[in-house]
A.B. asks: 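Please see the structure below; I have some questions.
Order of appearance sets the numbers: ligands from 1, and atoms from 1 within every ligand.
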Amino acid sequence: MAYETITTEQRGSVTLITINRPDALNALNTTVERELGEALAAFDADDSQGCAVLTGSGDKAFAAGADIKEMVDKPSAEFFQEDFFSGWNEMTAKTRKPWIAAVNGFALGGGCEVAMMADFIIASENAKFGQPEIKLGVAPGMGGSQRLTRAVGKSKAMDLCLTGRMMDAEEAERAGLVARVVPHDQLMDEAMKAAEVIASMAPMAVKVNKELVDAAYETTLSQGMVHERRLFQILTATEDKKEGMKAFVEKRPPEWKGR
Ligand code: CAA
């Protein structure tokens, strides 16, 4: 499928999606929002694909935020009537397979928020994260105040949202926002390798693991523990559970069936 603002490529069982507006530091306009939603839906529906990687084109930015030029003259009533930014929530909630954000530079405002929508973040040592919306007289609108606070805690989230400062990859890893920091020239290799590992796992187990970690954000510990046990018990009915455990005992690699 031909897109205007993103590119997609299947590499074996991994879908690589690249936000492709390098002249605007990959700023996220409504076309990016729509096309990324379509690309994630296509990835999710394709049984040959097990994991996706999202990155930004060029060497400088993952995404430098929502497109300020698209918003500068937009009347407030339109933001409200269109439920502006709601498509981001929908695509995140609908995608059941995992996707990794490979953050190659600035991840600011909406860029930081999209990285946090991913299941985890692998960052180049050049990456910079921040929620600078306050400097524009606004606040995060794609989940930054909520996901950042859950990821790094109140104090650092307040610091970032109220001062609009950037944090580098090392600070982001220390704070728990980022899963791994890697040398800049190894970012895509590391992200693709991680995605290939995930794509090589039993597909139903992958979806269940993602659902359970996500549920930890939304539920109490006791509800989450019940949810976890039930899904664990359901997975024991799959052919892949039998195959996975048998393969371990027989000291051979498993052959997943996806059921
Ligand atoms: N929207 C639209 N265009 C953007 C953009 C954005 N968020 N960020 C950068 N650009 C454009 C610039 O306007 C510039 O285009 P022109 O050459 O046509 O002028 C081009 O990208 C290169 O940017 P700079 O010349 O500014 O590059 P720099 O290296 O000097 O600075 C930067 C880099 C620090 C990231 C700077 O571009 C910047 O501060 N960008 C804005 C960051 C920001 O405020 N993001 C939050 C947006 S609001 C938001 O995201 C709301 C939300 O919660 C969803």
Side-chain angles (χ1 to χ4, degrees), residues 3-7 17-37 40 54-93 95 99 101-118 121 123-152 154 156-172 177-178 184 187:
Y3 295 109
E4 186 191 322
T5 60
I6 63 170
T7 63
I17 307 175
T18 307
I19 306 166
N20 192 26
R21 302 187 69 212
D23 294 345
L25 301 186
N26 301 318
L28 305 163
N29 62 16
T30 44
T31 310
V32 179
E33 178 181 345
R34 179 175 48 76
E35 293 188 339
L36 193 53
L40 283 174
L54 177 70
T55 193
S57 60
D59 236 17
K60 211 170 152 184
F62 175 75
D67 192 321
I68 299 167
K69 292 169 188 167
E70 190 180 56
M71 297 187 290
V72 61
D73 292 322
K74 194 175 174 69
S76 175
E78 278 183 22
F79 283 96
F80 182 81
Q81 290 295 1
E82 293 167 11
D83 200 5
F84 203 72
F85 293 147
S86 61
W88 295 100
N89 238 16
E90 283 156 24
M91 77 179 83
T92 313
T95 309
W99 51 290
V103 175
N104 52 320
F106 293 115
L108 302 176
C112 186
E113 291 167 303
V114 170
M116 292 189 291
M117 288 172 205
I121 298 171
S124 131
E125 58 200 357
N126 295 355
K128 294 247 188 312
F129 298 86
Q131 297 293 158
E133 290 88 343
I134 196 162
K135 295 187 191 169
L136 303 170
V138 289
M142 286 161 55
S145 62
Q146 305 305 299
R147 288 199 176 93
L148 187 65
T149 307
R150 283 163 169 77
V152 305
K154 176 181 166 181
K156 199 174 276 290
M158 280 289 191
D159 174 7
L160 289 161
C161 289
L162 290 176
T163 67
R165 78 172 175 89
M166 295 184 213
M167 73 176 159
D168 64 18
E170 195 193 314
E171 182 181 356
L177 180 66
V178 160
H184 188 65
L187 175 67

A.B. asks: I need the minimum non-hydrogen distance between Gly130 and Cys112, along with the two atoms involved.
C.D. replies: O-CB, 3.5 Å
A.B. asks: Taking only heavy atoms of Ala24 into account, list the atoms of ligand 1 that are under 4.0 Å away from them.
C.D. replies: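 Close to Ala24: 4 (C), 9 (C), 10 (N), 11 (C), 21 (O).
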A.B. asks: Side chain of Ser86, backbone of Asp83: donor and acceptor closer than 3.5 Å?
C.D. replies: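 Between the backbone of Asp83 and the side chain of Ser86 there is a qualifying donor-acceptor contact (under 3.5 Å).
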A.B. asks: Near Asp23, which atoms of ligand 1 are under 4.0 Å from a heavy atom of that residue?
C.D. replies: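 Matching atoms, with element in brackets: 15 (O), 20 (C), 21 (O).
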A.B. asks: Below 3.5 Å, N or O to N or O, backbone or side chain included: is there any such pair between Gly109 and ligand 1?
C.D. replies: no
A.B. asks: Do you see a protein non-hydrogen atom under 4.0 Å from atom 4 (C) of ligand 1?
C.D. replies: yes
A.B. asks: Please could you name the atoms of ligand 1 that Pro140 approaches to less than 4.0 Å, counting only its heavy atoms?
C.D. replies: 53 (O)
A.B. asks: Step by step, work out the salt bridge (charged side-chain N to carboxylate O under 4.0 Å, His left out) result for Lys74 and Glu82.
C.D. replies: CA-CA 11 Å; Lys74 194 175 174 69; Glu82 293 167 11; 2.9 Å; yes
A.B. asks: Show me which atoms of ligand 1 lie under 4.0 Å from any heavy atom of Leu136.
C.D. replies: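 Answer for ligand 1: 44 (O), 47 (C), 48 (S).
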A.B. asks: Strictly distance-based, threshold 3.5 Å: is any side-chain N or O of Thr55 a donor or acceptor partner for the main-chain N or O of Thr18?
C.D. replies: no
A.B. asks: What residue and atom, counting heavy atoms only, is the protein's closest point to atom 39 (O) of ligand 1, and at what distance?
C.D. replies: Leu108 CD1, 4.7 Å
A.B. asks: Before accepting this row, confirm whether a basic side-chain N of the pair Glu171/Arg165 lies closer than 4.0 Å to the acidic partner's carboxylate O.
C.D. replies: yes
A.B. asks: As an exercise, identify every atom of ligand 1 less than 4.0 angstrom from a heavy atom of Glu113.
C.D. replies: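 What qualifies from ligand 1 is 52 (C), 53 (O), 54 (C).
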A.B. asks: Using a strict 4.0 Å cut-off to heavy atoms of Phe85, name the atoms of ligand 1 that fall inside it.
C.D. replies: 54 (C)
A.B. asks: Measure the distance from atom 52 (C) of ligand 1 to every protein heavy atom, then report the residue, atom name and distance (to 0.1 Å) of the closest one.
C.D. replies: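 Here the closest protein heavy atom is Glu133 OE2, 3.2 Å.
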A.B. asks: Would a distance-only check, ignoring hydrogens and angles, find a side-chain to backbone donor-acceptor pair under 3.5 Å from Glu70 to Thr30?
C.D. replies: yes
A.B. asks: Nearest to atom 18 (O) of ligand 1, what protein heavy atom do you find, and at what distance?
C.D. replies: Lys69 NZ, 3.2 Å
A.B. asks: Classify the contact between Lys60 and ligand 1 as side chain, backbone, both or neither, using a heavy-atom distance cut-off of under 4.0 Å.
C.D. replies: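 It is the side chain that touches ligand 1; the backbone stays farther off.
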A.B. asks: May I ask whether atom 31 (O) of ligand 1 is less than 4.0 Å from at least one protein heavy atom?
C.D. replies: no
A.B. asks: Less than 3.5 Å apart, any donor N or O on the side chain of Glu113 or Trp88 sitting next to an acceptor on the other?
C.D. replies: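 Trp88 and Glu113 do not have a side-chain donor-acceptor pair below 3.5 Å.
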A.B. asks: Indicate whether atom 1 (N) of ligand 1 is within a distance of less than 4.0 angstrom of some protein heavy atom.
C.D. replies: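 Yes, there is one.
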A.B. asks: For ligand 1, is any non-hydrogen atom under 4.0 Å from Ala64's backbone (N, CA, C, O), its side chain (CB onward), both, or neither?
C.D. replies: both
A.B. asks: Considering only protein heavy atoms, which is closest to atom 24 (P) of ligand 1, and at what distance to one decimal place?
C.D. replies: Leu25 CD1, 4.5 Å
A.B. asks: Short list, please: which atoms of ligand 1 are under 4.0 Å from a heavy atom of Ala27?
C.D. replies: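 Checking each atom against Ala27, I get 1 (N), 2 (C), 6 (C).
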A.B. asks: Have a look at ligand 1 and work out which part of Ala66, if any, has a heavy atom under 4.0 Å from it: side chain, backbone, both or neither.
C.D. replies: both
A.B. asks: Can a side-chain donor-acceptor contact be found between Thr5 and Glu35 if the only test is distance below 3.5 angstrom?
C.D. replies: yes
A.B. asks: Tell me whether Asp67 contacts the main-chain N or O of Ala27 through its side chain, where contact means a donor paired with an acceptor under 3.5 Å.
C.D. replies: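 Checked: no pair found.
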A.B. asks: Checking contacts now, so for atom 21 (O) of ligand 1, which I'm interested in, is there any protein heavy atom under 4.0 Å?
C.D. replies: yes
A.B. asks: Give the atoms of ligand 1, by number and element, whose distance to some non-hydrogen atom of Gly141 is under 4.0 Å.
C.D. replies: 52 (C), 53 (O)
A.B. asks: Have a look at ligand 1 and work out which part of Val138, if any, has a heavy atom under 4.0 Å from it: side chain, backbone, both or neither.
C.D. replies: neither
A.B. asks: Tell me, which protein residue and heavy-atom name are nearest atom 34 (C) of ligand 1, and how many Å apart are they?
C.D. replies: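 Minimum-distance protein heavy atom for atom 34 (C) of ligand 1 reads Met166 CE, 4.0 Å.
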A.B. asks: Which pair of non-hydrogen atoms, one from Ala107 and one from Phe62, has the smallest distance, and what is that distance?
C.D. replies: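 Closest heavy-atom pair between Ala107 and Phe62: CB-CD2, 4.1 Å.
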A.B. asks: Return the CG to OG1 distance between Asn20 and Thr7, rounded to the nearest 0.5 Å.
C.D. replies: 5.5 Å
A.B. asks: Return a yes/no value for Met71: is any of its N or O atoms, backbone included, closer than 3.5 angstrom to an N or O of ligand 1?
C.D. replies: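 N/O-N/O distance below 3.5 Å does not exist for this pair.
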A.B. asks: Is any heavy atom of the protein nearer than 4.0 Å to atom 36 (C) of ligand 1?
C.D. replies: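 Neighbour list for atom 36 (C) of ligand 1 is empty of protein heavy atoms (cut-off 4.0 Å).
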